[in-house]
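No hydrogens, no waters, no symmetry mates; every other heavy atom, side chains included, goes into these values. Since the structure is predicted, the reported quantities are computational estimates derived from the model, not experimental observations.
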Amino acid sequence: MWEFSLNFKSENSLLAKHTFSQIKNISNGKGGVATLHEEKDFISILLAVEEEYMDEVQMNLSSIITQTICTNFKANFLDEFLSLPEHDKIGMTAFKKALLNFDKETDKFLVQKQLTFDKNLYLESFYQFRLASLKAKWQELVALANENRVYLISNDAFLDLLKFLIDNLDVCEEEVNVIEDEQGYKIVLQDKIEDKYSGQIFNDEALVSSIIDLAPQKINFYCTKNSKTSDFLEKIFDERINICTGSGQVQSFKKL
């Protein structure tokens, strides 16, 4: 059996439990077992699988750990060090999300370059002591934004920088449909029957955040009339978005 322990500080218990659910899924069908143990200062995820599945499981673990650092840890880093003039909630949500996804492939490379699967990995220690180059890269990005704080007070300048960040994100989806709902918005990925967005209703901020995560090449936005959200997305995605207004447009899509 190949055994591995991934450890979190107790203050990150929610993140540890979410990670555990992911790790438990990859151990299923691999003759393995995953357990969660909580002690005074640490939460430990213990994983054991048959040796024949070790390479496959390590690859999946690498993806989970890398995504955790490049998403959760980077978000905390931005919250701690980013100092921008206050704009509306949608704008600030979009800007932080764009920074979070900016040059993400390089972020992942820098994590995976340092990641080894010895018997134990303490995630916060790994982040603090092994990922200095990654944090330096993030610091350069934050410093550039902070140094231009006065310039970014202007709404036009803020939108110009946000659009630049959006334009330089790697495209993750070819085409995305957004449908206005009585309670909010739905996201439908083209040619995909089931995905993590199925059945979800998004408010304005969550919709903008999710669309930036998806970084689509084309967006079809079906709504009864133009809104602050559709106008904002049109400004930052420019020619990549098609706004389809009118109740007939919404109903026509729903019948597809």
Side-chain angles (χ1 to χ4, degrees), residues 1-9 12-37 42-78 96-135 137-138 141 168-174 176 187 189 192 194-198 200 209-216:
M1 296 286 283
W2 177 74
E3 298 179 355
F4 180 71
S5 171
L6 179 61
N7 306 279
F8 295 78
K9 286 186 177 179
N12 287 324
S13 61
L14 290 178
L15 181 58
K17 290 173 183 177
H18 174 69
T19 305
F20 171 65
S21 67
Q22 295 177 293
I23 290 177
K24 191 173 182 180
N25 285 337
I26 68 173
S27 68
N28 291 339
K30 304 293 186 298
V33 61
T35 59
L36 183 74
H37 296 278
F42 290 96
I43 297 175
S44 298
I45 300 171
L46 306 178
L47 174 66
V49 296
E50 297 289 348
E51 290 278 352
E52 63 183 292
Y53 299 113
M54 182 181 70
D55 291 342
E56 179 184 350
V57 169
Q58 285 187 0
M59 183 176 65
N60 289 324
L61 274 173
S62 176
S63 177
I64 291 170
I65 292 169
T66 300
Q67 185 67 21
T68 297
I69 290 172
C70 294
T71 301
N72 300 85
F73 283 63
K74 188 175 182 180
N76 291 338
F77 185 93
L78 293 176
K96 287 184 178 179
K97 181 62 73 167
L99 285 179
L100 185 67
N101 286 285
F102 187 74
D103 200 20
K104 200 166 189 176
E105 289 306 310
T106 303
D107 290 349
K108 291 178 179 179
F109 169 78
L110 292 174
V111 175
Q112 291 173 349
K113 183 179 178 181
Q114 298 295 328
L115 188 59
T116 57
F117 290 99
D118 298 326
K119 194 169 183 64
N120 301 295
L121 179 66
Y122 288 81
L123 198 60
E124 289 86 359
S125 296
F126 173 71
Y127 170 72
Q128 289 295 338
F129 300 112
R130 297 286 298 278
L131 298 179
S133 60
L134 177 67
K135 288 184 289 182
K137 175 178 175 290
W138 293 349
L141 186 64
N168 283 278
L169 297 181
D170 292 331
V171 172
C172 298
E173 292 288 336
E174 286 301 314
V176 169
I187 294 175
L189 303 187
K192 293 183 181 179
E194 290 293 336
D195 55 71
K196 67 178 183 178
Y197 300 98
S198 297
Q200 290 195 55
S209 180
S210 297
I211 293 298
I212 292 173
D213 272 338
L214 289 165

Show me the donor-acceptor pairs, under 3.5 Å and distance only, between side chains in residues 43-52 and residues at least two apart or in other chains.
unit_1: Ser44; atom_1: OG; unit_2: Asn7; atom_2: OD1; d: 2.5

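- Pairing each heavy atom of Phe126 with each of Gln114, the nearest pair is CE1-O, 3.5 Å.
- In plain terms, the two heavy atoms of Phe8 and Leu123 that are nearest each other are CE2-CD2, 3.4 Å.
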Requested in this report: Please assess Asn72 against Asn12 for the test side-chain contact (heavy atoms from CB on, under 4.5 Å), listing each intermediate value before the final yes or no.
Outcome: CA-CA 10 Å; Asn72 300 85; Asn12 287 324; over 6 Å; no
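- In this structure, CG in Asp103 is found 10.0 Å from CG in Leu169, a value given to the nearest 0.5 Å.
- Pairing each heavy atom of Glu173 with each of Val171, the nearest pair is O-CG1, 3.4 Å.
- Considering CZ of Arg130 and OG of Ser125, their distance stands at 11.0 Å, rounded to 0.5 Å.
- Within 6.0 Å of NZ on Lys135 lie more than 12 heavy atoms contributed by other residues, nucleotides or ligands.
- Ile211 is listed as a side-chain neighbour of Pro216, based on a closest heavy-atom distance under 4.5 Å.
- The shortest distance between side-chain heavy atoms of Asp170 and Asn101 does not fall below 4.5 Å.
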Report task. Please test Thr71 against Lys104 for side-chain contact (heavy atoms from CB on, under 4.5 Å), starting from the C-alpha separation and ending with a verdict. Result -> CA-CA 9 Å; Thr71 301; Lys104 200 166 189 176; 3.4 Å; yes
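- Note that CG of Leu78 is 7.5 Å distant from CG of Leu141, once rounded to the nearest 0.5 Å.
- Counting all heavy atoms, side chain and backbone alike, Leu99 lies closest to Lys74 at O-NZ, 3.0 Å.
- Taking CG from Leu121 and CZ from Phe4, the interatomic distance works out to 4.5 Å, rounded to the nearest 0.5 Å.
- Annotation: side chain of Phe117 is not in contact with side chain of Met54 (no heavy-atom distance under 4.5 Å).
- Shown here are the salt bridge (charged side-chain N to carboxylate O under 4.0 Å, His left out) partners of Glu124, two or more places apart in sequence or in another chain: there are none.
- When all heavy atoms of Ala75 and Leu100 are compared, the closest pair comes out as N-CD1, 3.6 Å.
- To the nearest 0.5 Å, atom CG of residue Leu131 and atom NZ of residue Lys113 are 11.5 Å apart.
- Checking each of Thr68, Thr66, Thr106 against Val111 for a side-chain contact (heavy atoms from CB on, under 4.5 Å) leaves exactly one that passes, namely Thr66.
- For residues 44-75, every residue pair satisfying the ring pair (Phe, Tyr, Trp, His ring centres under 6.0 Å) rule, not counting sequence neighbours, is listed here: Phe73-Tyr127.
- Taking Glu105 as the reference, Lys108 meet the salt bridge (charged side-chain N to carboxylate O under 4.0 Å, His left out) condition, with sequence neighbours excluded.
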**Report entry** Step-by-step side-chain contact (heavy atoms from CB on, under 4.5 Å) determination, Gln200 to Ile187
**Finding:** CA-CA 8 Å; Gln200 290 195 55; Ile187 294 175; over 6 Å; no
Exercise answer: donor-acceptor pairs, residues 13-23 side-chain atoms, under 3.5 Å, sequence neighbours excluded:
unit_1: Thr19; atom_1: OG1; unit_2: Leu15; atom_2: O; d: 2.8
unit_1: Ser21; atom_1: OG; unit_2: His18; atom_2: O; d: 2.6

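- Taking CE from Met59 and CD1 from Ile64, the interatomic distance works out to 11.0 Å, rounded to the nearest 0.5 Å.
- Every residue two or more places apart in sequence or in another chain that forms a salt bridge (charged side-chain N to carboxylate O under 4.0 Å, His left out) with Glu3 is listed here: Lys119.
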